[in-house]
Amino acid sequence: MSTVPLIVKILASSVSVANRAGKIVRDVMSKGELGIVEKGKDDYQTEADRSAQKCIIASLSSQYPKLKIIGEEEESPENEGDIPSDWIVVEEDKDVLGVKCPVNLQAVKEEDIVVWVDPLDGTSEYTQGFLEHVTVLIGISVNEKPVAGVIHQPYYKTLVGGEKKMGRTIWGLQGAGVGGYTPAPPPDSLIITTTRSHSNPVVEQALQVMNASHVLRVGGAGYKVLQLLEGRASVYVFASPGCKKWDTCAPEAILSAAGGKLTDIIGNFYKYGASVSHPNKTGVLAAVNDELHSYALSRIPQELKDTLANK
Ligand code: AMP
Ligand code: MG
Ligand code: MG
């Protein structure tokens with residue numbers, strides 16, 4: 001009998017399946033037929049979003065049939081059909097399998113877990129060629145809290161033994177730690193990261209009040225939290241209802257495992273249970289530590305908080 005706690009196994013499976021989904025994202029781009037569908041204003045879906053989600057959901061549900069999995073992309077009948085057998089991944093990442101599970105998560109059962117999947121975060125950037133910004137997000141929540149997650153970057157380039165390798169996978173488990181990247185301290189001056197493709201006057205107002213030395217505009221919630229994890233920015237501010245639970249679940253889990261904090265712009269944590277509404281209506285405020293989070297929160301004017309809360 002396996003002695004690895006379920007939550008660790010699911011995280012290890014998520015790392016392996018995210019790698020496969022990342023390859024699908026690259027393959028769709030190399031073929032050049034993106035199959036872009038407009039889901040709403042400034043909201044697009046491509047063949048890569050659809051296929052990567054099928055790969056992730058089919059793989060996880062084949063191994064964990066009682067798991068509740070919520071993916072960004074709607075599964076309409078024309079979206080179904082046979083899944084290629086090589087999209088079903090049953091491997092478990094060996095390094096993650098060895099992670100020591102904190103006591104409070106050792107007895108978690110499949111029924112207690114909701115997995116939030118953003119098969120391709122940063123679709124605007126993907127279609128515009130900002131490929132570094134693209135990530136695959138798998139967030140694992142228990143009792144409504146994000147406790148583990150994966151951010152995979154399909155286009156991250158490394159040299160392994162003199163050979164070019166594409167893709168890397170960052171993971172985190174609350175109470176256990178993070179892996180897949182080298183944590184770095186925050187920059188000396190206040191650098192804020194925010195959206196590059198979904199701004200509006202309220203989003204800009206929330207940036208202006210921060211007194212930042214620089215604003216780093218990049219795509220995707222996953223990539224923005226990576227800026228925090230790797231010391232290129234210290235705060236992520238997005239005063240807009242545009243992000244959804246699948247955008248923030250994995251990034252929040254990893255950031256909090258690394259000592260950071262992600263809330264809405266009022267300072268409340270989002271809940272990730274199966275029946276919550278998908279939009280993060282009151283925006284996103286994340287920081288590398290509690291002190292910077294409190295500072296950023298204190299800068300947001302009450303009327304701006306009210307504007308989002310009453311939308
Ligand atoms: P961004 O910070 O603009 O790259 O967005 C992070 C995530 O939230 C991406 O998945 C976006 O698609 C989503 N998002 C943010 N704003 C909007 C919006 N106005 N409409 C649709 N999706 C949005
Ligand atoms: Mg997204
Ligand atoms: Mg997406």
Distance col, row L226:CG vs L255:CG, nearest 0.5 angstrom, shows 10.5 Å

**Study point:** side chain to side chain contact (heavy atoms under 4.5 Å, CB included) between S189 and H214, worked out
**Key:** CA-CA 8 Å; S189 62; H214 180 63; over 6 Å; no

d(R26 CZ, L131 CG) to nearest 0.5 Å is 11.0 Å

Original post:
Is any side-chain heavy atom of S141 less than 4.5 Å from a side-chain heavy atom of C249?
Top reply: yes

So if you build clusters from Ile, Leu, Val, Met, Phe, Trp, Tyr with side-chain heavy-atom gaps below 4.5 Å, do Y223 and I191 land together?
yes

Check your understanding: Do C101 and I7 have side-chain heavy atoms sitting under 4.5 Å apart?
Key -> yes

Please check: side-chain N/O of D93 versus main-chain N/O of V15, any donor-acceptor pairing under 3.5 Å? no

Here the gap from Y126 atom OH to T135 atom OG1, rounded to the nearest 0.5 Å, amounts to 13.0 Å

Next on the checklist: Donor-acceptor check, side chain of R50 to backbone of G35, threshold 3.5 angstrom: yes or no?
Outcome noted: yes

Sub-3.5 Å donor-acceptor pair from the side chain of S213 to the main-chain atoms of L190, do we have one? yes

Looking only at heavy atoms, the pair that brings A52 and V25 closest together is CB-CG2, 4.2 Å

Test item: E111 side-chain N/O and K66 main-chain N/O as donor-acceptor pair under 3.5 Å
no

Scanning both residues in full, the closest heavy-atom pair of L11 with A148 reads CD1-CB, 4.1 Å

Side chains of T123 and D49, donor plus acceptor under 3.5 Å | yes

Run the side chain to side chain contact (heavy atoms under 4.5 Å, CB included) test on I254 and V225 for me, step by step, so that the C-alpha distance in whole Å, both residues' side-chain angles and the decisive distance to 0.1 Å come before the verdict. CA-CA 9 Å; I254 300 172; V225 166; 5.6 Å; no

Could you check whether any side-chain heavy atom of I70 comes within less than 4.5 Å of a side-chain heavy atom of H278, counting everything from C-beta outward? yes

Strictly distance-based, threshold 3.5 Å: is any side-chain N or O of K305 a donor or acceptor partner for the main-chain N or O of L297?
yes

Is it true that D264 and K281 have a side-chain N and a carboxylate O under 4.0 angstrom from each other? no

CD of Q153 to OH of Y181, rounded to nearest 0.5 Å, is 12.5 Å

When rounded to the nearest 0.5 Å, the distance separating OG of S14 from OH of Y64 is 7.5 Å

For a quick check under 3.5 Å, do T263 and H293 share a side-chain donor-acceptor pair by atom type? yes

Y272 and T248 side chains, donor-acceptor separation under 3.5 Å: yes

I'd like to know whether CD of E163 has more than 12 heavy-atom contacts from other residues, nucleotides or ligands below 6.0 angstrom. no

Q: Report yes if some heavy atom in the side chain of K157 is under 4.5 Å from a heavy atom in the side chain of M166; otherwise report no.
A: yes

Requested in this report: Please check if F269 and L285 belong to a single hydrophobic cluster, counting links between Ile, Leu, Val, Met, Phe, Trp and Tyr side chain heavy atoms closer than 4.5 Å.
Outcome: no

_Do N268 and T282 make a side-chain contact, defined as non-hydrogen atoms from C-beta onward lying under 4.5 Å apart?_
no

In terms of heavy-atom contacts, P183 and V178 come closest through CG-CG2, 4.3 Å

Within 6.0 Å of CD in E291, more than 12 heavy atoms from elsewhere: no

When T193, T195, T194 are each screened for side chain to side chain contact (heavy atoms under 4.5 Å, CB included) with V218, the one that passes is T193

Discussion item. According to a hydrophobic-cluster definition based on side-chain heavy atoms being under 4.5 Å apart (Ile, Leu, Val, Met, Phe, Trp, Tyr only), do L262 and W116 belong together?
Written reply: no

**Asked** Are the side chain of S256 and the backbone of A253 linked by a donor-acceptor contact shorter than 3.5 Å?
**Response** yes

Partner of E72 under salt bridge (charged side-chain N to carboxylate O under 4.0 Å, His left out), picked from K244, K39, K245, is K39

Could you go through the side chain to side chain contact (heavy atoms under 4.5 Å, CB included) check for L6 and I113 one step at a time?
CA-CA 10 Å; L6 180 69; I113 300 175; 4.2 Å; yes

So R217 and L207, side chain to side chain contact (heavy atoms under 4.5 Å, CB included) or not? Walk me through it. CA-CA 11 Å; R217 294 175 192 268; L207 297 170; 3.9 Å; yes

Heavy atoms of A206 and L304 approach each other most closely as N-CD1, 3.8 Å

ask   = Is a salt bridge present between E33 and K31, judged by a nitrogen-to-oxygen distance below 4.0 Å?
value = no

Quiz item: Backbone N or O of W87 within a donor-acceptor pair of the S59 side chain at under 3.5 Å?
Solution: yes

**Message:** In this structure, would I151 and W246 fall into the same cluster of hydrophobic residues linked by side-chain contacts under 4.5 Å?
**Reply:** no

Can you tell me if Q63 uses its side chain to pair, donor with acceptor, with the backbone of V89 under 3.5 Å?
yes

*Does the D118 side chain pair with the main chain of L137, one donor and one acceptor, at a distance under 3.5 Å?*
no

Closest non-hydrogen contact found for I24 with C55 is CD1-CB, 3.5 Å

- [ ] Would you kindly confirm whether L216 and M210 end up in one hydrophobic cluster when ILVMFWY residues are joined by side chain heavy atoms under 4.5 Å apart?
- [x] yes

Validation row: K9, L97 side chains within 4.5 angstrom (heavy atoms) = yes

When rounded to the nearest 0.5 Å, the distance separating CD1 of I69 from CD1 of I57 is 6.0 Å

**Report entry** Polar side-chain atom of Y270 near backbone of N280 as donor-acceptor pair, under 3.5 Å
**Finding:** yes

Between Q53 and P119, the two heavy atoms sitting closest are N-CB, 3.4 Å

*Is the number of heavy atoms from other residues, nucleotides or ligands under 6.0 Å of N310 CG greater than 12?*
yes

Are any non-hydrogen side-chain atoms of P5 and L105 less than 4.5 angstrom apart? no

Next on the checklist: Please determine whether a side-chain nitrogen of the Lys or Arg among R168 and E230 lies less than 4.0 Å from a carboxylate oxygen of the Asp or Glu.
Outcome noted: yes

